[in-house]
Amino acid sequence: MDREDILPVLYDLVATIGSEISVKPLLTRTLQRLLYHTSFSAGFICLEIPPCKNHEGQVEVRLDAAVGDFDLTGELGKPIYLPCELICREAVRETDQAALLSSLRCTHTQYKAYLRLPIDHRGVIVLLAAEIPETNLPLTTMLQPVLAHLARAIMLCGNNDAYTSGLVTQRNLLEKVFESSYSGVMITDAGQRIIEVNPAFTRITGYLPDEAIGRNPHLLASGRHDHDYYREMWDDIEHSGHWEGEIWNRRKNGEVYPSWLNINPVRDNNGTLIYYVGMFSDISKRKEAEAQIHQLAFYDQLTELPNRRLLLERLQQAFSVGARSGQHGAVLFLDLDNFKTLNDTKGHDIGDQLLAEVARRLNTCVRDGDTVARLGGDEFVVVLDSLSQISDEAAAQADMVAEKIRDILSQPYRLGNHAHHTTPSIGVVLFRGHQQTLDDVLKHADTAMYQAKTAGRNTIRFYDPLMQAAIEARADLEEELRHALEREQLCLHFQIQVDSQYRPLGAEALLRWQHPDRGLISPAQFVPLAEETGLIVPIGLWVLRTACALLKSWQGDATTRDLTLAVNVSAKQFRNPDFVAQVQRTLLETGAKPALLKLELTESIVLENVGDTIAKMRELKLLGVSFSMDDFGTGYSSLQYLKRLPLDQIKIDQSFVRDIVKDANDAAIVQTIIAMSEVLGLNVIAEGVETEEQRVFLDLRGCHAFQGYLFGKPVPARDFEERLKMQLPVQSLV
Ligand code: C2E
Ligand code: MG
Ligand code: MG
């Protein structure tokens, strides 16, 4: 080959070298081109310095690329041992070459040509050939520029290879993480369309990749979260670039499960959103475990009731609630009478069955917020909260629940094949706020329970002796009230209502209890008791009947014919579904004129259920009955409902009338009530009028109907009628 011929060859080789980007193809392609031009088979070794040398001072190298006839390809990858100094030394002498070539005899090929070129102090390329090509140029000179170029290309391609293989490793790693992750991964595009999911996604959700890709993640929604929940979630992602939280999702099979979800938006270098990555794990197992731990820690396994620990926590809460609201709470400590005997004679299995049944019954006796706990054995504790602020009333409320419990636990039990009967002993303590410690309250309730046992079992005892006495007195009164009707101890008194000229307009019927030992008992004392026990329903009906019978009897007499009769109706009585029918029947049976019957309601009745009140009032109005709003001004007098009620009259409460002349505030209230009644087209009456001064004051301000001691105290019907007759001349003078 001549010097002129070599130029295109070199050009071709350089072009070849320049077009490769990876080391291996670079070497192979370069050798191929060389073979094409020179027809000699050759191989390349490309190695980095410092290579490790073995104990004989040799370097282990491998042939990186080979082409040509002589079978160097079989050598590829196999170790070749070269003397270290030949490879590593800067300059190479001819003699070295010969030595090197002979040392290559370790393989079956005998190399004849050898060219060594350092690559920028980092390595060397060694060109090996099986024969020396026929050329009049020294091989070194001929290939020197190509090899120099090649050395640079190898360096660049080496860097590129390292970078690419780094990327590949990284990608492989990510893929492995993605594929093997225990968490479900879902990637969406910026428009929230799923573009990739991993196997865990399928395992958790049940959706195959094909079923999920292209869909919106809403595919997984359980329906348990409202629109606001998702809006807040996306707000968070937008503002803080991240969202993490618990979310209920639905599997393909419809099952709803809790999961812990992380959402991260992914942006490109320009900050444009390209993906959302959602990672989630199914936490139902964890939740179940938590619930189980909670159940074990805070609940009794046999009855599933709260245990002592949870009881103490709830009691503490009840203390705090009471401290804020001023309301009382109560602890009922109860123990089953003779439980030990049952356990000993019938066995623990039967004993357990009884305890479970007692727990079930106890739960039916309390309201939602109350706590029923089992302390162990046959000891149970019930915590009641939100009882009255007044201690006597709270005691009565606690007593009522205790009675209910005593009654329900005394009902017969069926345990396996055995019928069983048991009773509880119940100790009661009231508490309010943090006045007593937790320990004290429980200790006192326990003491009271022992007192109940000592008092003969199947008994309720209050820890406080005064309270116990009050409860007993109340229980006695209740028992007597039950018989008051049949024993004809109830009667009605009538108090006159007059106009500005003292002319009688009618009367109010007021209930009295003529007790054989206690004398006349005021309705203020026994009406609330009658309300609580439900006795007000038969008593109220009796009042209505008696009043209507009187109205009827008045119709025959000129002095009484036009008088109206006001009858008080209590909340429980009015709420009775039968109330309208009862009034109708009573009017029919007695023959009283409905227009003369006036029912007095209180604001509390209305507020309990405005809709029902209005409906009932309308029905009664159709019968011709009229309505007065009693004790007006003492409740939550709201114009809102007042406007809607079909009322005829407002009765100003006596508490405003009492000081009306002295107290500017009361005077202002009364004036407002009168003005409001005028606006609403209602007639107005004042009760509790005791002095002429009060009457004149009211009269001047537009209230022209009165009731009070000034005109007459409540008296029995006969006295009432007699007095009317006596007053007749006075009225006719006017
Ligand atoms: P009320 O309906 O507001 O009755 C007016 C009360 O004021 C009556 O008390 C009456 O005796 C008293 N009173 C009347 N004039 C004067 C006065 O000039 N000065 C003073 N200091 N008091 C006066 P009473 O009879 O003790 O009744 C108390 C409450 O018991 C009644 O208040 C009413 O809410 C209830 N009540 C009475 N009878 C019945 C009834 O048959 N059924 C129902 N559900 N409740 C009744
Ligand atoms: Mg009244
Ligand atoms: Mg009143």
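As the structure lists them, so they are numbered: ligands from 1, and atoms in each ligand from 1.
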Compute the minimum heavy-atom distance from Lys713 to ligand 1 and say whether it is under 4.0 Å.
no

With Lys453, which of Asp378, Asp335, Asp446 fulfils salt bridge (charged side-chain N to carboxylate O under 4.0 Å, His left out)?
Asp335

Identity and separation of the nearest protein heavy atom to atom 42 (N) of ligand 1:
Asn568 O, 3.4 Å

Distance below 4.0 Å between atom 3 (O) of ligand 1 and any protein heavy atom?
yes

Note: ligand 1 atoms sitting under 4.0 Å from heavy atoms of Glu690 are 17 (C), 18 (O), 19 (N), 20 (C), 21 (N)

So, is the end of the Arg701 side chain (NZ or CZ) under 6.0 Å from the ring centre of Phe697 and within 45° of the ring's axis?
yes

So, is Leu511 polar-close to ligand 1, with some N/O to N/O distance under 3.5 Å?
yes

Does Arg432 reach the main-chain N or O of Gly326 with its side chain, forming a donor-acceptor pair under 3.5 Å?
yes

Strictly distance-based, threshold 3.5 Å: is any side-chain N or O of Gln694 a donor or acceptor partner for the main-chain N or O of Arg658?
yes

Residue, atom and distance of the protein heavy atom nearest atom 22 (N) of ligand 1 read Gln654 OE1, 3.1 Å

Is it true that the side chains of Ser500 and Asp699 contain a donor and an acceptor less than 3.5 Å apart?
yes

Do any N or O atoms from the side chain of Gln389 and from the backbone of His328 form a donor-acceptor pair under 3.5 angstrom?
no

Just which atoms of ligand 1 are under 4.0 Å from any heavy atom in Gly708?
15 (N), 18 (O)

Structural part of Asp630 in contact with ligand 1, heavy atom criterion under 4.0 angstrom:
side chain

Check Asp399 with Arg474, please: is the shortest side-chain N to carboxylate O separation under 4.0 Å?
no

Relative to each other, are the rings of Phe579 and Phe574 parallel, tilted or perpendicular (30° and 60° limits)?
tilted

Does an N or O from Gln707, backbone or side chain, lie closer than 3.5 Å to an N or O of ligand 1?
no

One residue to check: Asp631. Relative to ligand 1, which of side chain, backbone, both or neither has a non-hydrogen atom less than 4.0 Å away?
side chain

Using protein heavy atoms only, decide if any is under 4.0 Å from atom 9 (O) of ligand 1.
no

For ligand 1, which atoms have a heavy atom of Leu510 less than 4.0 angstrom away?
4 (O), 8 (C), 10 (C), 11 (O), 25 (O), 37 (C), 38 (N)

Distance in Å, Tyr463 OH paired with Phe333 CZ, rounded so as to fall on 0.5 Å steps
14.0 Å

Under-4.0 Å salt bridge between Glu478 and Arg482:
yes

Is the contact between Lys651 and ligand 1 made by the side chain, the backbone, both, or neither, using heavy atoms and a 4.0 Å cut-off?
neither

Expected output: side-chain His493 to main-chain Ala509 donor-acceptor under 3.5 Å
no

Taking only non-hydrogen atoms of Arg658, do any sit less than 4.0 angstrom from ligand 1?
no

N-O pairing of Glu508 and Lys651 below 4.0 Å:
yes

Below 4.0 Å, non-hydrogen atoms only: which portion of His493 touches ligand 1? Side chain, backbone, both or neither.
neither

For Tyr413, does the six-membered ring have the charged nitrogen or CZ of Arg361 within the cation-pi criterion, i.e. under 6.0 angstrom from the centroid and within 45° of the normal?
yes

Protein heavy atom at shortest distance from atom 28 (C) of ligand 1
Pro523 CG, 3.8 Å

So which heavy atom in the protein is nearest atom 16 (C) of ligand 1, and how far is it from that ligand atom?
Tyr709 CE2, 3.3 Å

Check whether Phe627 forms a cation-pi arrangement with Lys598 (NZ or CZ under 6.0 Å from the six-membered ring centre, at most 45° off the ring normal).
no

Is the closest basic N to carboxylate O distance between Arg360 and Glu357 below 4.0 Å?
yes

Heavy-atom contact under 4.0 Å between Gly688 and ligand 1?
yes

Counting only protein N, O or S atoms and ignoring waters, those under 2.8 Å from the Mg ion (ligand 2) are Glu508 OE2, Asn568 OD1, Glu600 OE1, Asp630 OD2

Distance to 0.1 Å, residue and atom name: give those for the protein heavy atom nearest to atom 15 (N) of ligand 1.
Gln495 NE2, 2.8 Å

Would one find more than 12 heavy atoms of other residues, nucleotides or ligands at under 6.0 Å from atom CD of Glu486?
yes

Within ligand 1, which atoms have a heavy atom of Val543 less than 4.0 Å away?
41 (O)

May I ask you to list the atoms of ligand 1 that are less than 4.0 angstrom from any heavy atom of Glu687?
3 (O), 5 (C)

How many angstroms lie between atom CD1 of Ile496 and atom CG of Leu563, to the nearest 0.5 angstrom?
7.0 Å

For ligand 1, which atoms sit closer than 4.0 Å to a heavy atom of Pro714?
11 (O)

